[in-house]
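Because only heavy atoms are used, hydrogens play no part in the values below, and waters and symmetry mates are left out as well, while side chains stay in.
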Amino acid sequence: MVRKRRTELPTASSGESSESTQEASGGSGSGSGGGRGSQQPAASPQQGATGMGFQGGRGWGPQSQQSGRSGYAGGRGPQRGGVAPQQQYTVPTEYQGRGRGGGAPPQQPPAAAAAYESGSRGRARVGGGRGVEPVSSGGPPSKPLSSDLHQATQASYAAGGTPHRVPSEASSSRQAAESLTQQLQKVSIQQEVPPSQAIQPVAPSSKSMRFPLRPGKGVTGKKCIVKANHFFAELPDKDLHQYDVSINPEVTSRGVNRAVMEQLVKLYRESHLGKRLPAYDGRKSLYTAGPLPFISKEFMITLIDEDDGTGAPRREREFKVVIKLAARADLHHLGLFLQGRQADAPQEALQVLDIVLRELPTTRYCPVGRSFYSPDLGRRQPLGEGLESWRGFYQSIRPTQMGLSLNIDMSSTAFIEPLPVIDFVTQLLNRDVSSRPLSDADRVKIKKALRGVKVEVTHRGNMRRKYRISGLTSQATRELTFPVDDRGTMKSVVEYFYETYGFVIQHSQWPCLQVGNQQRPNYLPMEVCKIVEGQRYSKRLNERQITALLKVTCQRPHERELDIMQTVHHNAYHEDPYAKEFGIKISEKLASVEARILPAPWLKYHDTGREKDCLPQVGQWNMMNKKMVNGGTVNNWICINFSRGVQESVARGFCQELAQMCYISGMAFNPEPVLPPITARPDQVERVLKTRFHDAMTKLQPQGKELDLLIVILPDNNGSLYGDLKRICETDLGLVSQCCLHKHVYRMSKQYLANVALKINVKVGGRNTVLVDAISRRIPLVSDRPTIIFGADVTHPHPGEDSSPSIAAVVASQDWPEITKYAGLVCAQAHRQELIQDLYKTWQDPVRGTVSGGMIKELLISFRRATGQKPQRIIFYRDGVSEGQFYQVLLYELDAIRKACASLEPNYQPPVTFVVVQKRHHTRLFANNHNDRNAVDKSGNILPGTVVDSKICHPTEFDFYLCSHAGIQGTSRPAHYHVLWDENKFTADGLQSLTNNLCYT
């Protein structure tokens, strides 16, 4: 269960899909700071009910201090609900932290060298919000960690491109940490600096820090051939030149800039440009294949507006264009890089080639980012509420092992339908708008949807002048007046349109569109405006629109491959005048790539089941004849039904079936609820939850018992109900909840009940399965010494939500050698900030001075408390980082990991492997033969476990594509793993197999 911590910004509610992460820290699993209810900023020291305690954590005092469930500042009382202890851990006396509850004064270790605190000797229960149960302090000191953990130094490229590494054991961890600190000090963030200033570290030159080289290619698994949507691009043998372009007067529109340059090339290509056809980026740069016959030259260009059909003189605009030589783009170094003889990718040269290949599609289609869309590339599909989907393609040139590669993929996105504004509003509100006046909510919805949208007027014949909407008028059209002369003579909008254009306004009760700026607004009645075609909708789509868009984009692999091939033929790169000019040749064949299919790992289940272990087949397996390896305990539970269509008898029957399934699967699950199920209205979710929780606790508390689980039945379309419910359970009540939809309650299939039982077990602290290789200590670089595995990601708000925070989440394994249980921490941070701000932080406490904490430190401490051992190796999987942010994220977050380790104990610097995981890329892998039953899964996708580390991967660095899952519908997207730091010296096979195996835990 994810435990939320509140920073200065409000957190978003947790979703059901992310609930498999577990709480390993003891305490309630409730919100910010761990105590129920009261919430403090994370920047201030959290006393009493600390959220796993930055300087110690929950539940570390003597057990006598843990009495009672006193919500806001006390402990939760005797903890249970975790798995039964497998072993007793002996923890040295030096690791004693401060208690969490009962008002006991915090015991503060010396601030300068706080010992790496741990829980006391006892049963290390790691579970969904229940956690460690300390028994007593004491026990003999454990063997101290060896100080000679290997630390990698930066790779320096010797001749021939092989890295020269200093022997890892040569220096102490302190020296290695110091060397890294020196390396990172340019961007290390001082706590006193405000976040807005502190989060802009500049990427150092790549000479100061290199990503690890590929340690050879993997050999494990069954070899096969797959096709990738990469097309070989022959490197041109041209002398590329870059020119700076300045256009005056300056305009912000790339379209206008392009029109100016198009006119310039048309007029002067033969006479002044040496017959060259330049490629232009729409801003400040122009590229040519060879030099222009001047160093700097000025041109005067006149743009004439289109004929509006009125016979009036057309508007002419004059621009002064200065083209000046800036640099030569070096293709020689790009060639060396592709051969692996140079470390740095020459970004300028890649950018030139990208711009050249984008030039023609930019004139043909509507460009959006790196994609191009057009109604001609596939049928438009309505998405509802005035939106439609357009088909298009993504295109990007990439350096790979096979040389330059053009990555092409199919794409769809939402555009605003080019409708009359009246029709758009009718669709948006989904009703006949003339039937009743607009409500305030209607006006807000219309204003939000139309702000920034471009419209053209329809009341002036062929003169289709375009405007951008800035807002809506607060008054109805019939009430609007404006001055028509300098004397202040006022005229109504209705009168003006009738007298000037002979146009009778029908919907005078509606507001007008406001166009132009706020100081001098122009009023346009909605009925004289039509939305201009080709405007992408960038705001958030609703659920129905997302479903409709997914239906359009969801293609079987074979269909997608054919569409990609058709796109390449349609683009006819061999006829592209720009590609010809620059000597770029694109293959029309998909790249054939060597791949391997990694074997699935054996999974261990409980010995009392008929099947004690299991080998997944094609990425799938079920719970038939198996029992959970560690069943959790649910003694006390209740059910609330928010779906009107589910009668209480049905709800009761469903709960009994679910309880029975949990029991059969290996849990200790009481068949009877604390209180009978009740039905409630969704609009009263908060009151009902808190009242029912209070009623259950009134019954349980005199017996010293806790409420373990809330089962909730939701309507199939429940809007914000799910999010509200999770927020209340997680942050107010500290209660584990399991939601079930109306449709599943009625079907009540055994498969569904078994899946829900697995989720419940994890939430209450059980383990469903463990890797056989983990318990038999056969996982390289994990089984040999205590290892902690982190996963981290940042979720950003949707476009258009300008004030919402970004949400950072970090999970970490809490058991070893099993590496199956995970504790999670969540916190809010600055809007759209990718660097995780709370990994490590310090603040000033009036009593204790400088106090350190943060997510890494908390999770390291809870690992120590749960296992009785310090992690001697850290593997950090970081999701959602784009290539442009690699250096920035690595420097900032590796530094935070280092500081968190050092704050726990002097010289404590376990070796770190930092891997970025990317899902938002456009590489797709297809079976070489779609008809070969042995090469595809049921959905026609490549087999789970398919790994690629050649040809389409980076020329020199350690990266690979892995598709670990079976496809269900559409085309599977492999995850792209890129190793940015590796002190553990993983082999390709070692990291690929570990990563694939972790996908099964």
Side-chain angles (χ1 to χ4, degrees), residues 2-19 21 31-32 39 41-43 194-200 368-371 383 385 387 413-416 428 441 444-453 535-550 553 718-728 730-731 791-811 824-839 855 878-882 884-885 888-889 892-893 916-921:
V2 173
R3 191 182 71 256
K4 301 196 169 175
R5 298 186 299 126
R6 178 162 296 182
T7 62
E8 295 73 22
L9 296 161
T11 60
S13 59
S14 114
E16 186 90 8
S17 60
S18 63
E19 283 190 355
T21 50
S32 50
Q39 302 182 334
S196 60
Q197 297 168 32
I199 55 186
Q200 305 298 336
V368 177
R370 288 183 175 274
S371 298
L383 299 178
E385 296 190 12
L387 301 185
T413 196
F415 278 76
I416 303 169
L428 182 72
V444 167
K445 191 171 184 182
I446 295 167
K447 188 175 178 180
K448 213 171 177 183
L450 286 177
R451 184 184 284 149
V453 172
Q535 296 179 81
R536 183 186 173 227
Y537 184 78
S538 59
K539 301 183 184 82
R540 186 176 184 173
L541 300 176
N542 64 35
E543 282 181 32
R544 283 190 300 278
Q545 290 166 336
I546 290 168
T547 304
L549 187 59
L550 285 175
T553 56
N718 54 73
S720 65
L721 176 60
Y722 173 82
D724 292 339
L725 187 141
K726 286 293 176 186
R727 174 180 52 77
I728 296 159
E730 300 273 329
T731 62
D793 192 13
V794 179
T795 302
H796 300 294
H798 292 269
E801 293 183 23
D802 298 333
S803 57
S804 303
S806 290
I807 306 296
V810 181
V811 300
L825 293 174
V826 174
C827 68
Q829 59 185 40
H831 174 76
R832 300 208 74 80
Q833 170 54 248
E834 184 57 49
L835 305 178
I836 301 178
Q837 299 298 289
D838 273 7
L839 285 183
M855 298 160 104
R878 176 65 158 91
D879 197 2
V881 181
S882 63
Q885 298 171 307
Q888 199 180 7
V889 168
Y892 182 82
E893 297 185 2
V916 164
V917 189
Q918 293 171 305
K919 290 285 278 183
R920 291 193 176 181
H921 59 77

Participant: One pair to check against side chain to side chain contact (heavy atoms under 4.5 Å, CB included): V889 and V916. What are the steps and the verdict?
Facilitator: CA-CA 10 Å; V889 168; V916 164; 5.6 Å; no
Participant: Looking at residues at least two apart in the chain, or sitting in another chain, which of them share a side-chain hydrogen bond (donor to acceptor under 3.5 Å, both in side chains) with S882?
Facilitator: Q885
Participant: Given side chains that start at C-beta, do those of D838 and Q829 come closer than 4.5 Å, heavy atoms only?
Facilitator: no
Participant: Could you list the residues that satisfy side chain to side chain contact (heavy atoms under 4.5 Å, CB included) with N718, not counting sequence neighbours?
Facilitator: L714, P715, L721, Y722, L741
Participant: Output the distance between atom CD (E893) and atom CD (Q837), rounded to the nearest 0.5 Å.
Facilitator: 9.0 Å
Participant: Could you check whether atom NZ of K448 has more than 12 heavy atoms from other residues, nucleotides or ligands sitting under 6.0 Å from it?
Facilitator: no
Participant: Can you give me the closest heavy-atom contact between P805 and A828, atom names plus distance?
Facilitator: CB-CB, 4.0 Å
Participant: Could you give the distance from CG (D879) to NZ (K919), rounded to the nearest 0.5 Å?
Facilitator: 9.0 Å
Participant: Give, for atom CG of D793 and atom CZ of R878, the distance between the pair rounded to the nearest 0.5 Å.
Facilitator: 6.5 Å
Participant: Rounded to the nearest 0.5 Å, what's the gap from CG on L428 to CG on L387? Could you check?
Facilitator: 8.5 Å
Participant: What distance do M855 atom CE and I836 atom CD1 have between them, rounded to the nearest 0.5 Å?
Facilitator: 6.5 Å
Participant: Once salt bridge (Lys or Arg N to Asp or Glu O under 4.0 Å) is applied, do any residues pair with R370, and if so which ones, sequence neighbours excluded?
Facilitator: D354
Participant: How long is the span from the OG1 atom in T553 to the CD1 atom in I546, to the nearest 0.5 Å?
Facilitator: 11.0 Å
Participant: Of E834, Q833, R832, H831, which is the lone residue that meets side chain to side chain donor-acceptor pair (under 3.5 Å) with H796?
Facilitator: E834
Participant: Check L835 against Q888 and note the closest heavy-atom contact, atom names and distance.
Facilitator: CD2-O, 3.8 Å
Participant: Report the residues that fulfil side chain to side chain contact (heavy atoms under 4.5 Å, CB included) with A809, sequence neighbours left out, ordered by chain and then residue number.
Facilitator: V826
Participant: State whether the number of non-hydrogen atoms from other residues, nucleotides or ligands found under 6.0 Å of K445 atom NZ is greater than 12.
Facilitator: yes
Participant: For V811 and G824, which heavy atoms make the closest approach, and how far apart are they?
Facilitator: CG1-CA, 3.9 Å
Participant: Just jot down the salt bridge (Lys or Arg N to Asp or Glu O under 4.0 Å) partners of R544, sequence neighbours excluded, or say none.
Facilitator: E385
Participant: Does R540 have any salt bridge (Lys or Arg N to Asp or Glu O under 4.0 Å) partners at least two apart in sequence or in another chain, and if so, which?
Facilitator: E801
